[in-house]
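Here's the structure we're looking at; comments come further down.
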Amino acid sequence: MDLANFREEYTLNGLRREQLNVDPYQQFELWFQQACNANLPEPNAMSLATVSNTGEPIQRIVLLKYFDSEGFVFFTNYESKKARHIEENSQVCLLFFWIGLQRQIQIRGNAVKISQGESLKYFITRPRGSQIGAWCSQQSSIVTSRTILELKFEEIKQKFHNKEIPLPSSWGGYRVIPSSFEFWQGRENRLHDRFVYSRLQGESEWKIQRLAP
């Protein structure tokens with residue numbers, strides 16, 4: 001299939017240096033709120049890229065559950081492939097792509113486990129079905145049929161019938177602590193606007209530079 005003629009001009013907005021907040025977290029919050037206001041589907045969906053200690057790269061979509069000045073938090077099974085990769089190589093990359101706004105944000109940084117207490121605080125807010133699902137799925141492992149998953153789900157459901165569902169020991173969150181942010185705004189003729197925030201270890205201020213498209 002020839003896709004050479006699949007093209008779309010990006011004409012919605014430009015991005016200038018003077019429009020950027022000096023704090024990349026606040027700039028992220030502004031763009032994230034605009035994505036929410038635009039009613040884009042799942043604006044908190046992000047691509048998470050990990051690399052194993054043998055150099056194997058994998059990407060998958062996960063959901064950002066909260067963020068603050070300390071970083072960006074998502075949740076997963078600690079026995080999953082992504083968790084094994086992070087154990088081997090904690091450097092990861094997040095990518096938000098909001099095609100409706102012709103924008104991307106790339107965040108590179110170090111992923112660290114959050115505390116059990118912080119994981120529990122989020123876990124108890126999940127729908128009961130999602131809590132049960134966290135117990136019955138050995139994420140990334142091979143299963144012979146969906147029936148096995150459904151039977152396991154019913155088993156766990158009965159086990160905790162009329163009871164609070166505890167936090168599984170194999171489930172919790174990671175916080176990505178950024179080392180760089182890149183804000184990308186699509187422009188005509190592929191002359192996109194790209195700005196990267198970076199800082200050296202120990203520095204408090206972020207350096208902002210324009211990148212060639």
Side-chain angles (χ1 to χ4, degrees), residues 1-51 57-76 82 85-86 90-112 114 122 125-127 130 173-199 204-213:
M1 181 182 293
D2 185 358
L3 305 179
N5 292 321
F6 273 52
R7 291 190 181 91
E8 181 177 344
E9 282 290 349
Y10 298 137
T11 59
L12 287 181
N13 288 294
L15 184 62
R16 300 188 304 275
R17 169 65 181 82
E18 56 267 26
Q19 293 176 296
L20 295 170
N21 196 297
V22 296
D23 184 340
Y25 293 95
Q26 293 185 27
Q27 183 64 38
F28 176 89
E29 184 172 6
L30 172 64
W31 272 25
F32 184 80
Q33 188 60 59
Q34 290 173 349
C36 294
N37 294 343
N39 294 318
L40 301 182
E42 295 203 280
N44 61 326
M46 58 186 184
S47 171
L48 166 67
T50 59
V51 180
I58 295 183
Q59 287 181 306
R60 76 288 285 164
I61 301 297
V62 299
L63 297 178
L64 176 69
K65 285 304 176 181
Y66 55 90
F67 64 92
D68 53 28
S69 60
E70 295 182 3
F72 297 79
V73 177
F74 67 93
F75 292 85
T76 189
K82 72 175 77 67
H85 274 196
I86 291 171
S90 63
Q91 295 300 303
V92 303
C93 184
L94 306 176
L95 180 67
F96 296 83
F97 181 44
W98 298 316
I99 187 60
L101 297 177
Q102 300 173 353
R103 287 175 173 173
Q104 299 181 61
I105 302 177
Q106 181 189 106
I107 299 169
R108 290 185 290 170
N110 189 53
V112 297
I114 65 176
Y122 169 71
T125 70
R126 303 183 89 204
S130 297
Y174 285 98
R175 175 175 284 105
V176 177
I177 303 171
S179 57
S180 73
F181 294 74
E182 182 187 321
F183 292 83
W184 181 102
Q185 177 70 61
R187 297 296 301 273
E188 289 181 283
N189 303 312
R190 297 301 186 258
L191 295 179
H192 311 306
D193 289 323
R194 298 172 61 194
F195 288 93
V196 62
Y197 290 72
S198 59
R199 65 182 178 187
S204 58
E205 294 187 359
W206 293 87
K207 182 178 182 180
I208 305 175
Q209 295 174 298
R210 178 184 279 274
L211 300 178

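These numbers come from a predicted model, not from an experiment.
Legend: residues meeting side-chain hydrogen bond (donor to acceptor under 3.5 Å, both in side chains) with N110, ordered by chain and number and at least two apart, are S90, Q91. Q104 pairs by the side-chain contact (heavy atoms from CB on, under 4.5 Å) definition with L95, F97, W184, not counting sequence neighbours. In this structure E9 satisfies the side-chain hydrogen bond (donor to acceptor under 3.5 Å, both in side chains) test with no other residue, sequence neighbours excluded. Under the side-chain hydrogen bond (donor to acceptor under 3.5 Å, both in side chains) criterion, Q185 pairs with R103, sequence neighbours left out. Here A35 pairs with L40, P43, W98, L101 under the side-chain contact (heavy atoms from CB on, under 4.5 Å) rule; sequence neighbours left out. Remark: V51 pairs with P57, N89 by the side-chain contact (heavy atoms from CB on, under 4.5 Å) rule, at least two apart or across chains. Evaluation of the ring pair (Phe, Tyr, Trp, His ring centres under 6.0 Å) rule for Y122 yields F75 as partners, not counting sequence neighbours. For Q59, the side-chain contact (heavy atoms from CB on, under 4.5 Å) partners at least two apart in sequence or on another chain are S47, A49. By the side-chain hydrogen bond (donor to acceptor under 3.5 Å, both in side chains) test, D2 is found to be paired with no residue, residues two or more places apart in sequence or in another chain being considered. Remark: Y197 engages F183 in a ring pair (Phe, Tyr, Trp, His ring centres under 6.0 Å) (not counting sequence neighbours). By the ring pair (Phe, Tyr, Trp, His ring centres under 6.0 Å) test, H85 pairs with no residue at all, sequence neighbours left out.
Not a single donor-acceptor pair under 3.5 Å links the side chain of N44 to the backbone N or O of L63. Here the side chain of Q27 pairs a donor or acceptor atom with the backbone of N21 at under 3.5 angstrom.
Under the 4.5 Å side-chain criterion, counting only non-hydrogen atoms from C-beta, F32 is not in contact with I105. Side chains of F67 and R175 form no contact here, defined as non-hydrogen atoms less than 4.5 Å apart.
Note that CZ of R199 and OG of S180 are 11.0 Å apart. Values are rounded to the nearest 0.5 Å. Of the inter-residue distances, the one linking M46 atom CE with R60 atom CZ reads 11.0 Å to the nearest 0.5 angstrom. H192 NE2 to Q102 CD: the interatomic distance, rounded to the nearest 0.5 Å, is 9.5 Å. To the nearest 0.5 Å, atoms CG (L94) and CZ (R108) are separated by 11.5 Å. Once rounded to the nearest 0.5 Å, the distance linking CD1 of I99 with CD of E8 reads 5.5 Å. The distance from atom CZ of F96 to atom CD of E42, rounded to the nearest 0.5 Å, is 12.0 Å.
Remark: R190 qualifies as a cation-pi partner of Y10 under the 6.0 Å distance and 45° angle criteria applied to the six-membered ring.
For K82 against V62, the heavy-atom pair with the smallest separation is CE-CG1, 3.9 Å. When every heavy atom of L12 is checked against every heavy atom of G100, the shortest pair comes out as CD1-O, 3.4 Å.
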Donor-acceptor list for residues 204-213 side chains, cut-off 3.5 Å, not counting sequence neighbours:
unit_1	atom_1	unit_2	atom_2	d
R210	NH1	D193	OD1	2.8
R210	NH2	L15	O	3.3

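Taking the six-membered ring for Trp and the full ring otherwise, F181 and F28 have centroids separated by 6.0 Å or more.
Enclosure of atom CD in E29 is not indicated, since only 12 or fewer non-hydrogen atoms of other residues, nucleotides or ligands lie within 6.0 angstrom.
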